[in-house]
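Throughout, numbering of the chain's residues begins at 1 and tracks the sequence.
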Amino acid sequence: MNMLLLAVFPLAMIFGAVWDLATMTIPNVLTVALAAMFFVLVPFAGLGWEAVALHAGAGLLMLIVGMALFGFGWIGGGDAKFVAAIALWLGWSDLPAYLIVASVLGGALTLLMLWFRTLPLPLFMLKREWIARLHERRGGIPYGVALGAAGLFMFQHSVWFEAAAQAA
């Protein structure tokens, strides 16, 4: 069970980031599975009902905020759901730091993407659909990359990492 405590969240962060980079989408099945695995693994992390409710509240708040940002066209719907599932796992205690890290990484990613779009692409790269899509000047930014990277960064401070370390 320790392996699941250590593997589920990081693997979901990597998968979400890579998928968003390649397709500019984050699959619903990923966010639903990530949320479901939170509730499956809660007993093994030693979280009580009050802590679970607080984690759920953090996830719900970020879903509402994310959907509002999606409504304004500032982020994608997949990003909004992904950040809510991440908040569910991290809870209130790690959420402010996560949002700061995700914001900094998102800003850096945006600047990097804007710079990348000024460069001429070699022909072999233009033939790769996902690279050509990322290079489009009016294209979106795959914020799932920043959200996933920030989740990986914060995981080492989470109750999940601590629970796995104590059980080992």
Side-chain angles (χ1 to χ4, degrees), residues 1-110 130 140-168:
M1 201 49 66
N2 293 348
M3 290 306 292
L4 281 177
L5 289 174
L6 287 176
V8 169
F9 185 81
L11 287 175
M13 297 302 98
I14 293 166
F15 182 80
V18 170
W19 196 270
D20 198 25
L21 186 64
T23 68
M24 295 294 289
T25 63
I26 299 173
N28 288 336
V29 68
L30 173 66
T31 54
V32 170
L34 186 59
M37 286 305 292
F38 168 84
F39 292 103
V40 168
L41 294 175
V42 157
F44 303 102
L47 294 176
W49 289 109
E50 183 178 318
V52 171
L54 289 171
H55 277 254
L60 182 60
L61 173 68
M62 289 314 301
L63 182 62
I64 292 167
V65 169
M67 287 295 128
L69 295 174
F70 171 69
F72 287 117
W74 294 343
I75 65 172
D79 299 326
K81 293 176 274 188
F82 194 41
V83 76
I86 293 168
L88 173 66
W89 275 73
L90 295 179
W92 290 112
S93 61
D94 292 325
L95 187 58
Y98 168 76
L99 292 173
I100 291 169
V101 172
S103 296
V104 169
L105 292 177
L109 176 66
T110 299
W130 70 276
I141 305 294
Y143 287 116
V145 173
L147 298 174
L152 285 174
F153 178 79
M154 292 304 300
F155 183 69
Q156 64 186 323
H157 306 289
S158 71
V159 296
W160 305 95
F161 194 82
E162 291 174 21
Q166 288 176 357

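Partner of P27 under the side chain to side chain contact (heavy atoms under 4.5 Å, CB included) criterion, out of T31, T23, V29: V29 alone.
Shortest non-hydrogen contact noted between L95 and A87 is CD1-CB, 3.8 Å. A pairwise comparison of heavy atoms in H55 and L88 identifies ND1-O, 2.8 Å as the closest pair. Summarising the geometry of Y98 relative to V83, their closest heavy-atom pair is CE2-CG2, 3.8 Å, with the distance given to 0.1 Å. The minimum heavy-atom distance between A102 and L147, with the atom names listed, is CB-CD2, 4.1 Å. The nearest pair of heavy atoms linking G77 to M67 is O-CE, 4.0 Å. Between I75 and G66, the shortest heavy-atom distance links the atoms CD1-O, 3.7 Å.
Residues I26 and K81 form no side-chain contact, since every pair of their non-hydrogen atoms from C-beta on lies 4.5 Å or further apart. Side-chain contact between V52 and L47 is present, with at least one heavy-atom pair separated by less than 4.5 Å. Looking at heavy atoms from C-beta onward, M13 lies in side-chain contact with L34 at the 4.5 angstrom threshold. Within the 4.5 Å cutoff, no side-chain heavy atoms of D79 are placed close to those of F70. Between T110 and Y143, the closest side-chain pair of non-hydrogen atoms falls below 4.5 Å.
The distance from atom CG of L99 to atom CG of D94, rounded to the nearest 0.5 Å, is 10.5 Å. The distance from atom CZ of F38 to atom CG of L90, rounded to the nearest 0.5 Å, is 10.0 Å. For the atom pair CE of M62 and CG of L69, the computed distance is 7.5 Å after rounding to the nearest 0.5 Å. One finds the CZ atom of F155 at 12.5 Å from the CD1 atom of I86 (value rounded to the nearest 0.5 Å).
More than 12 heavy atoms of other residues, nucleotides or ligands shown are found within 6.0 angstrom of CZ on F15.
Ring pair W89/W160 is tilted by interplanar angle, where 30° to 60° counts as tilted.
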